Amino acid sequence: MAASIADVRSALSISAPPSSTPGPSQLKKQSSQSARKPEGISRELYSLIGPSAPTLAAQLAKPRLKQKPNLGGGGKVKWEWRKFKNGARADSLELGHWVKTNSDPNADYPFAKYNVQHTVYSWTPDEYSRYLHDSEWTPEESEYLFKLAIEYDLRWYIIHDRYEYPGTARELEDLKDRYFSICRKLVRNRPWNGDEASRNQLLASFSFDKDREQVRKKYVANLENRNPDQILEEEALYLEIKRLEQNERKFKRDREELLRTLAGIDSGLPDIVEDEATFFTVDTSKLQKKKSRADLDSPSASLLPSMTRRVAVAKDPAEDAKHCIIRTELSATTPATKAAHTPAYMRSFKLPYPKAAIAPRVTQVLTELGISSSRLVMPTRDNCQRLESLMDEATTLVELKKAVDKMSQDIDVVKTRLDIRETGEEMVHHTETDMEMDERGTVEPEGEDGRAQSVVSTRSTRSRKHGRRSMSVSSVDTTATSSARPPTKRQKRG
Amino acid sequence: MVNYGGDEVSALVLDIGSSSTRAGYAGDDTPKAIIPTSYGAITSPDGDVQMSDSDGNPTAEKRKVYIGHSGPSLWRANMEIHNPIADGLIQDFNPIPALIRHAFEDTMRCSPSEHPVLVTEPAWNTPANREKMAEIMFEEFQVPAFYIANTGVLNTFAAGKGSALVIDVGQTMASVIPVVDGFVLRKGLAYSGLPQLVYAQARHILTNPTQARPAIDLTPHQLIFNKQPVELNALPIYTLREDRAAATTPSWRSWAENKEVEEWVQSVAGVLDQGWNDQSAAMRPPKQYEFPTGYSTWFGAERLTVGEQFFWHSPQLMNSPGAPRIIPSLISDSLRACEPELRQVLMGNVVLTGGGSLFTGFADRLANEMMRTFPHTKIHAPGNPIERRYGGWLGGSILASLGTFHQLWISKEEWQEHGSAIVGQRCK
C-alpha cells in the first residue's frame with residue numbers, strides 16, 4: 001500500500017496543490033487551510049481531495065431539520081392597542097382595538113362603510129297638498145310613517161310591528177302602499193337632473209301593487225290553513241302525478257328504443273332531452289281524437305307522420321301544387337328532440353295495412369276489386385290516402401259482415417232453443433237464456449263501437465299496434481259469441 | 001382584523017338572569033363570571049355592625065350583603081335571601097350595583113370604567129328599567145359606552161341567525177319571541193311564568209307521600225350535622241344542627257329547599273317525547289336520586305310528570321284565570337300575531353334556549369308538538385349546555401365584538417347630552 005497522496009490525487013484527477021513536495025511542515029499548513037473546510041466532511045478526506053469537490057461536500061453535509069416555511073413579513077409583527085374613531089358615529093367616542101403597528105393610524109374605520117343610509121324623502125306642505133293628498137292619511141301620519149321607515153331601514157315587518165299612530169289600525173300593505181306611492185309621486189313630479197332611464201329605474205323600484213300583495217297574502221294564509229286531510233290529498237295527488245310522469249318517461253324511452261330499431265333513426269341524432277313538453281306533443285289534428293278517446297296512457301301517435309297531415313300553408317301554394325310539393329307542418333309545440341324527430345321516408349314504405357286478425361279477409365276483398373294492398377304503382381299522397389280509406393272501409397265491411405254473421409247465428413241458436421222449448425222443455429232454462437240475451441244485447445254493441453273507433457283512429461303503425469292488440473282481444477270475443485254456447489260476462493270484458 | 005366582521009374593543013357583556021348573573025369579555029365563548037343573582041342580606045339593629053364594607057350597599061349602612069358563590073349558599077345566622085328579579089324584570093335596583101361590582105371587579109378583576117359594557121334585557125323590559133340600568137352603568141360605573149340588547153335578539157345571534165322564533169325557558173319565565181332581522185316583533189311576544197309552576201309542582205311531588213315512598217324531607221346539607229348511610233327507600237337517619245335551627249330565616253330555608261328541588265329536577269326529571277302515556281311512562285327507566293338527608297330512592301313515572309307541565313295542563317287549570325300558559329299555547333299565540341308570510345320563516349328557524357329547556361327530551365317533545373301543526377318546523381337546540389344556558393350572553397358576546405356594531409354604542413358624551421331618552425332611541 002504505497003500509494004502516495006499524489007497517486008490518489010492523480011487517480012481522482014485532482015490538480016496538485018501549488019507546492020508539489022509534501023512535507024510535514026506543508027501538511028500542517030494544509031490543515032490550517034482546511035479550517036475553511038465545509039461542514040460535514042472529515043479533515044482527512046478534505047486534505048485528500050481539497051476544496052474542489054463541492055458536490056461531495058453538499059452530499060455529506062450534516063442533515064438538517066425541514067426548513068420552516070417562510071410566511072412572509074420575515075419578522076415579528078408588532079401589534080399595538082390603539083384608540084380609533086368610528087366615522088359612522090356622530091359623537092367623539094373613542095374605542096380601542098389591537099392593530100398592527102405598521103397600519104395607517106389615520107385610515108377610516110373599516111366598518112364605517114357598512115353604515116348605509118337610505119335616501120330620505122321629505123316634502124313641503126305645498127307639495128303635499130298638490131300631489132300627496134290622500135283622504136285616508138293625514139300629513140302628520142305620513143310624516144310618522146316616513147320617520148319609522150327611516151328608523152327601521154325599510155324593514156316593513158318591524159315598521160308594521162312598531163307602528164302605533166293613535167286612532168288608526170293599518171295593515172302592512174297600507175303602510176307599504178302609502179310609502180311607495182309618496183316616493184313615486186315625489187320622484188315623478190320633482191325636476192330630475194339625471195337621465196330618463198335612471199328615473200324610470202328608480203320609479204320601478206318604488207312600484208307596489210297593493211291588491212296583488214293582499215291576494216298573495218291571502219293565498220299564503222289559505223295554504224297554511226289547509227287541514228291535514230287536504231294536505232294528505234294534495235300529497236297523494238302529487239305522488240300520483242310524479243308516478244305518471246315517471247311512467248311516461250319510461251314509456252318514452254322504450255318507444256325511443258323501438259323507433260330506433262324499427263323506423264331506422266340512426267344514432268347520429270342529438271340526444272334525447274327529457275323534458276315534460278314532449279309529454280304533450282300531440283299533433284293538433286290528432287288532439288281531438290285523443291280527447292275523445294280520453295286515453296292518456298295510449299302511445300302518442302304523433303311521432304310518425306300521418307297521411308292525413310294537413311298541407312302546410314306554403315309561401316306559394318300554387319307553386320307547390322304545380323310541383324306536387326307537400327309540406328308537412330311541424331307543430332309549433334314540438335321541441336327539437338330526438339323523440340319528436342321524424343326522419344325522411346318513402347311514402348310507399350308507410351302504406352297502411354289491415355289488422356292482422358282480419359288481414360286475409362281484407363286482402364281478399366281488395367283482390368276481388370283488383371287492387372294489391374301491399375303495392376301501389378304510383379304511391380302519391382292522394383293515392384295513399386285513397387288506399388287507406390279503402391282499406392278502412394274494407395275493414396269495416398269485413399267486421400260488419402262478421403257481426404252480421406254472428407248475429408244471425410245467434411238468432412239461429414235462439415230460434416233452435418225456442419223450438420226445443422215449444423216442444424216442451426223446462427221453463428227455468430228459458431228465462432235464463434233470455435237474461436243472457438239481454439246482457440249480450442246491451443254489452444256487445446258497446447264493444448263493437450269502441451273497436452270501430454279505435455280502428456278509425458289508428459293510422460300510424462304505433463297506434464295500429466295498439467289497435468291490433470285490442471282486436472285480438474275482441475277476436476276472442478267474436479269466437480266466444482259465435483260459438484253456440486252463451487258467453488260468460490268475464491269473457492266479454494276481456 | 002376585518003375577517004369575519006369582528007373587531008374586538010374588549011367590551012364587557014353582562015347578562016342578569018333570575019337564577020344567575022353572567023359577565024365576561026365580548027368575543028369569548030363562555031362567560032368569565034357566573035354568579036347567583038340571589039343574594040343574602042343580614043339586617044342588624046343599630047349599633048351592632050357598624051363597619052362599612054365593600055360589599056355593603058351604600059344606601060343602607062345597617063345591612064350587610066353577601067353576593068356570589070359564597071353568598072346565599074353559605075349559612076349565616078339571620079341571613080335573608082332576596083332576589084332582585086321578579087318575572088324576568090329587575091324589580092329592586094338596590095343590590096344591582098353591588099352585584100355588577102362583584103361580577104366585574106371581584107370576579108373578573110377588571111374595571112368597567114375602561115370598557116364599553118353591553119347589558120341584556122328581557123323582551124318585555126320596561127323603558128324605565130332600561131334607563132335605570134343605563135344610569136347605573138354611566139353614573140355609578142363610569143362606563144365609556146353602554147348598550148342594552150334584547151335577550152331574544154341575542155339568542156337569535158347566538159344561533160347564527162337573523163330571524164328566528166326564540167323559545168326561551170328560564171328559571172322563572174318561559175317566553176316565545178319572534179325575531180325578524182334582528183328586531184323583536186313586540187306584537188308577537190308571548191311569555192308566562194310557567195317554570196315557576198313547574199318547580200312548584202316538582203316540590204309538591206317531592207314533599208307529598210306516595211304509595212311507594214314517604215314525603216321527602218328537603219332539609220339542605222347546611223342544616224345537617226351528620227347522617228348515616230341507609231338502604232334504598234329506607235327512612236333517613238340524620239341529626240340536624242340544632243345550633244343553626246333558631247337563626248335560620250324562612251327565606252333562606254325556602255331558598256335552600258328550592259335549590260334541592262331544582263337539583264332534583266335537573267338530574268332526574270324529564271319529559272316524554274310523544275305526549276303523556278301511562279304505558280310509555282312506565283317503560284322509561286327509573287332514576288335514582290339521593291337527598292342531603294341521606295334518603296335515596298328510584299323515581300319512575302313521576303319524574304316525567306314534571307316536564308309534562310310545560311306542555312299539558314289539566315282543563316281546569318288551563319281555564320283558571322291566573323294560570324300560566326303552556327308552551328304550545330304561547331307558540332300559537334305568538335304566531336297568530338305574526339304575518340302569515342313570516343310564519344314559514346319563523347317555523348324554519350326555531351331556537352330553543354334557556355337553562356329550563358335542558359330537561360331530558362324537552363327538545364324532542366317540542367319538535368313533536370310543533371310538527372303536528374307545522375310540518376316544516378326546524379328546531380335549533382344547542383346540545384352544549386353552556387350554549388343553551390347562556391345563549392343570551394353568548395349572543396351579546398358576538399354582537400359586542402362585531403365591527404359594524406361599534407356605531408351603536410351609547411357613549412358617555414351622548415348620555416350626558418341627551419339624557420335617558422337616548423336609550424330608547426338607540427336600543428330599538
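Please read all numbers here as calculations on a predicted model, not as lab measurements. In what follows, chains carry the letters A, B, and so on, assigned in the order in which the sequence lines appear, proteins first and then strands, with residues in each chain numbered from 1.
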Inset, instruction - Check Pro340(B) against Glu224(A) and note the closest heavy-atom contact, atom names and distance. - result: O-OE2, 3.2 Å
Inset, instruction - Determine yes or no for a side-chain-to-main-chain donor-acceptor pair under 3.5 angstrom, with Lys187(B) supplying the side chain and His160(A) the backbone. - result: yes
Legend entry - Side chain to side chain, Phe183(B) and Asp161(A), heavy atoms closer than 4.5 Å: no
Legend entry - Carboxylate-amine/guanidinium proximity below 4.0 Å for Glu414(B) and Arg89(A): yes
Inset, instruction - Could you tell me whether Glu233(A) atom CD has more than 12 heavy atoms of other residues or ligands within 6.0 Å of it? - result: no
Inset, instruction - Assess whether atom CD of Glu80(A) is packed by more than 12 heavy atoms of other residues, nucleotides or ligands within 6.0 Å. - result: yes
Inset, instruction - Check the surroundings of atom OH in Tyr219(A): do more than 12 heavy atoms from other residues, nucleotides or ligands lie under 6.0 Å from it? - result: no
Legend entry - Contacting region of Glu417(B) [heavy-atom separation from chain A under 4.5 Å]: neither
Legend entry - His418(B), NE2 atom: more than 12 neighbouring heavy atoms under 6.0 Å: yes
Inset, instruction - Answer yes or no: does atom CG of Leu239(A) have more than 12 heavy-atom neighbours from other residues, nucleotides or ligands under 6.0 Å? - result: yes
Inset, instruction - Could you look at Glu94(A) and say if it's the side chain, the backbone, both or neither that has a heavy atom under 4.5 Å from chain B? - result: neither
Inset, instruction - Using a cut-off of 6.0 Å, state whether more than 12 heavy atoms not belonging to Gln230(A) lie near its atom CD. - result: yes
Inset, instruction - Tell me, with the steps shown, if Val9(B) and Phe84(A) meet side chain to side chain contact (heavy atoms under 4.5 Å, CB included). - result: CA-CA 10 Å; Val9(B) 295; Phe84(A) 69 93; 3.8 Å; yes
Inset, instruction - Please indicate whether Glu240(A) has more than 12 foreign heavy atoms, meaning atoms of other residues, nucleotides or ligands, lying under 6.0 Å from its CD. - result: yes
Inset, instruction - Can you see which heavy atom on Lys428(B) is nearest to which on Arg162(A), and at what distance? - result: C-NH1, 3.8 Å
Inset, instruction - Count the heavy-atom pairs under 4.5 Å between each of Leu342(B), Leu408(B), Thr373(B) and chain A, then report the option with the highest count. - result: Leu342(B)
Inset, instruction - Check each atom of Leu402(B) against the heavy atoms of chain A and say whether the ones under 4.5 Å are side chain, backbone, both or neither. - result: neither
Inset, instruction - Identify which part of Tyr163(A) has an atom lying under 4.5 Å from any heavy atom of chain B, answering side chain, backbone, both or neither. - result: backbone
Legend entry - Heavy atoms of other groups near Lys83(A) NZ, more than 12 under 6.0 Å: yes
Inset, instruction - Counting only heavy atoms closer than 4.5 Å, note whether Glu8(B) contacts chain A via side chain, backbone, both or neither. - result: backbone
Legend entry - Contacting moiety of Ser92(A), where chain B heavy atoms sit under 4.5 Å: both
Inset, instruction - Just give me the residue among Glu341(B), Arg186(B), Arg343(B), His115(B) that pairs up with chain A most often, heavy atom to heavy atom, under 4.5 Å. - result: Arg186(B)
Legend entry - Minimum-distance pair of heavy atoms, taken over all atoms of Ile158(A) and Val180(B): CD1-O, 3.2 Å
Legend entry - Taking every non-hydrogen atom, the tightest pair across Leu95(A) and Pro116(B): CD2-CG, 3.5 Å
Legend entry - Side-chain heavy atoms of Tyr157(A) within contact of Ser163(B), under 4.5 Å: no
Legend entry - Heavy-atom pair with the smallest gap, counting every atom of Pro144(B) and Leu93(A): O-CD1, 3.7 Å
Inset, instruction - Please tell me if the side chains of Phe111(A) and His406(B) come closer than 4.5 Å, counting only heavy atoms from C-beta onward. - result: no
Legend entry - Which atom of Gln407(B) lies closest to which atom of Asn86(A), heavy atoms considered: N-ND2, 3.5 Å
